[in-house]
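Just below is one structure, and these are the notes that go with it.
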Amino acid sequence: MKNCKIFQETAVILSVIFLFFLLLMRTFSDRETRTAGDTETVSAENASPATLPQIALTFDDGPSRQYTPALLDGLKERGVPATFFLIGKNIEGNEDLVLRMQEEGHLIGNHTYNHVELDRVTAETAREEIERTGNRIYEITGVYPTYIRPPFGAWKKNLELSVSMLPVLWDIDTLDWKSRNADSIVAIVEANAADGSIILMHDGYESSVVAALRVVDLLTSQGYEFVTADTFLVT
């Protein structure tokens, strides 16, 4: 009888210990689950959004008193930066437009003073064409341009060694100067747009301004982010 009682008491004690052990294991398991869940939440919150494809709008031959203001208005309204490669002789009388470009976050580059083919003139003439325009931009903005769009894409070999500027070409030529047709311009961009593309346009035509703003709206709706051309260049 005594042994039976001892056995019963032992069984009760073992049951209590077993239940306590189960409770302890469950608490530990819940804690691990919560920790994992917290880690997943933090990771999701800290995860950076997917990088948007980027593209650059560039405009040559300006500034144009007639059309550049409307282009700047449209870009400002959309919060989009662009790159303007200016002809020195076109700056004269349009200094306010050059200053506005800088103040509104656009990149200003050099397009020579007289729109000369740099590989068809002497090294001295090429340097003078570039420096004359660079100096005018500096006088207006306080910033000397770092980048140049060589007219016709013609760059004289080793010229960057004497003028300390980097040439910027393009991979989408809209031929806007030739077609003067907004639909054609937009179609060319839409067919060729890709992450990292640099689009060549001119701000001296009404059709180009209309097309450029349509391009911005179109590509923005497709998830593109507009940046200045220097974003894609290695300095």
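Looking at E124 and R127, no side-chain N of the basic residue comes within less than 4.0 Å of a carboxylate O on the acidic one, giving no salt bridge. Between D96 and R65 there is a salt bridge, since at least one side-chain N of the basic residue sits less than 4.0 Å from a carboxylate O of the acidic one.
Of the candidates D73, N94, D203, D203 is the only one forming a side-chain hydrogen bond (donor to acceptor under 3.5 Å, both in side chains) with T68. Checked options N110, I198, T83; the residue passing with R149 is I198 (criterion: side-chain contact (heavy atoms from CB on, under 4.5 Å)).
In W170, the CH2 atom is crowded: over 12 heavy atoms of neighbouring residues, nucleotides or ligands sit closer than 6.0 Å. Heavy-atom contacts from other residues, nucleotides or ligands closer than 6.0 Å to CD of Q222 number more than 12. More than 12 heavy atoms of other residues, nucleotides or ligands lie within 6.0 Å of OH in Y144, so this atom counts as buried by the packing criterion.
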After noting the C-alpha distance and the side-chain angles of T220 and R78, does the key distance pass the side chain to side chain donor-acceptor pair (under 3.5 Å) rule?
-> CA-CA 10 Å; T220 298; R78 292 162 174 78; over 6 Å; no

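For E117, the side chain to side chain donor-acceptor pair (under 3.5 Å) test picks out R120, with sequence neighbours left out.
Classification of the F152-H115 ring pair by plane angle, with boundaries at 30° and 60°, yields perpendicular. Note on ring orientation: taking the six-membered ring where Trp is involved, the planes of F59 and F84 are parallel (angle under 30°, cut-offs 30° and 60°).
Linking ILVMFWY side-chain heavy atoms closer than 4.5 Å, directly or via other members, places V143 and Y147 in two distinct hydrophobic clusters.
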